[in-house]
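So the structure is just underneath, and the comments pick up after that.
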Amino acid sequence: MREIRVGLIGFGTVGSGVVKCLHNNGKLIGARSGVQPVIHKIADLDIVTDRGVPIDKSLLTTNVSDVLDNPDIDVVVELVGGTTIAKDFVLRALKNGKPVVTANKALLAYHGDEIFAAANESGADIYYEASVAGGIPIIKALREGLAANHIRAIYGILNGTCNYILTRMEREGLSFQPVLDDAQALGYAEAEPSLDIDGDDTAHKTTILASLAYGEWFGMKPLFIEGIRHLDLVDLRYAAEAGYKIKLLGIIKLAGNNGTIEMRVHPTLIPTGSMLANVSEVFNAVYVKGDVVGDTMFYGRGAGMDATASAVVADLVDVGLNLTFESPQRVSAFRPHGTYSDVVDMEDIDCRYYVRLEVLDEPRVLGRIADILGNGGISIASVTQEEAKPGTDSLPIILITHQAKERSIRRALTEISQLDVVRGTPVMLRIEDI
Ligand code: HSE
């Protein structure tokens, strides 16, 4: 049995989870894999606070060099987070020839090209299973399990905070803000929640999955990102009446037959009966469509001490096996295959749309709106109109369109919003018939 000496940088929730997992399941992990990850050093600024996990205090250090420059350490686990010092630590570890395991999605999303280049140069492994969808082994699935496939599409519920908020809005008929307040009080949402609710965290994970699927390190630039902050409860209700639920999705898919892809993050109407629509609370799920395998779906906890530790420890086993069999980079962290490269501009995507308009209760209103949509080549699939409530002179109209270009719907809605019979700003949401 080969012992793998692990240096942890960052002794927060996930770091504590890794220590706990290795303590509780270490024997099983060793017996199953033939490698035995053992914590050798833990670097953190705070080495005083009790994390509630069994650890020999002599392993703790405030000096990161005790991990990064320590010849006894076989593998560095970066759990610091952020994109500044974490980047320095990862690059320094790789430069020292040490394999790295990281859970840091933002770091990869913004600096993946530099980090993978450094890994290639040094010949050391970099593994990052915990960076996307926590405990769900989706990175390994895309890199190895689905290696036989051209990936047709990936739809991911990749942020537990957003999924929790949307689930409660839908189930309890609550608006966004009170649910966010509650989620913060319960510790599900951060005190500064924008990374989650504005879609950036989902975007970081989406670009990692897209790169694995399509062999180009895309980074963040080509991504269209829209979060859930602006979602109005009435749209969840109208969507439900039309047979849809609203989920924040990371969407990656082939745009046509010419090898271009779509990559976007936004609240999306998906059929109520679909498996993804029934992923609730803080759970994550990734639906992958391959040309050989067909439809697959991966479900589990996307965050938290234990789920994330499960992914980190799985990576430690992979690194340990590669060290044991002297086969670092046996499975490349990221191998460009250049089959697909162009990401379609958001205005050029084809989609179905949900539109809500508040209009005056007067003759010819629907006709004028239909004319504008028709002139833009947009075909209406359904229209729902409620009667104006007593004492009000306006009413909502819900339109669902057939497939149309994003550019066309944006133009049409700009024109519609300028009509004297339209109140406020039209609401537009995208539909995916998964
Ligand atoms: N904050 C994320 C979530 C987990 O709510 O899913 C880390 O990416």
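As the structure lists them, so they are numbered: ligands from 1, and atoms in each ligand from 1. Hydrogens, waters and symmetry mates are skipped; everything else that's a heavy atom, side chains included, is used.
In this structure, the side chains of L373 and L399 come closer than 4.5 Å at one or more pairs of heavy atoms.
A side-chain donor from one of E192 and S194 sits under 3.5 Å from a side-chain acceptor of the other. Looking at N63 and T61, their side chains never bring a donor and an acceptor atom within 3.5 Å of each other. Counted by atom type alone, N284 and N163 present zero donor-acceptor pairs between their side chains at under 3.5 Å.
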Problem - I434/K247 under side-chain contact (heavy atoms from CB on, under 4.5 Å): CA gap, chis, key distance, verdict - result: CA-CA 12 Å; I434 298 168; K247 295 287 184 189; over 6 Å; no
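Around ligand 1 you find K105, N159, G160, T161, D196, D201, K205, A303, each with a heavy-atom distance below 4.0 Å.
Within 6.0 Å of atom NE2 in H402, more than 12 heavy atoms from other residues, nucleotides or ligands are found, so the atom counts as buried in its surroundings.
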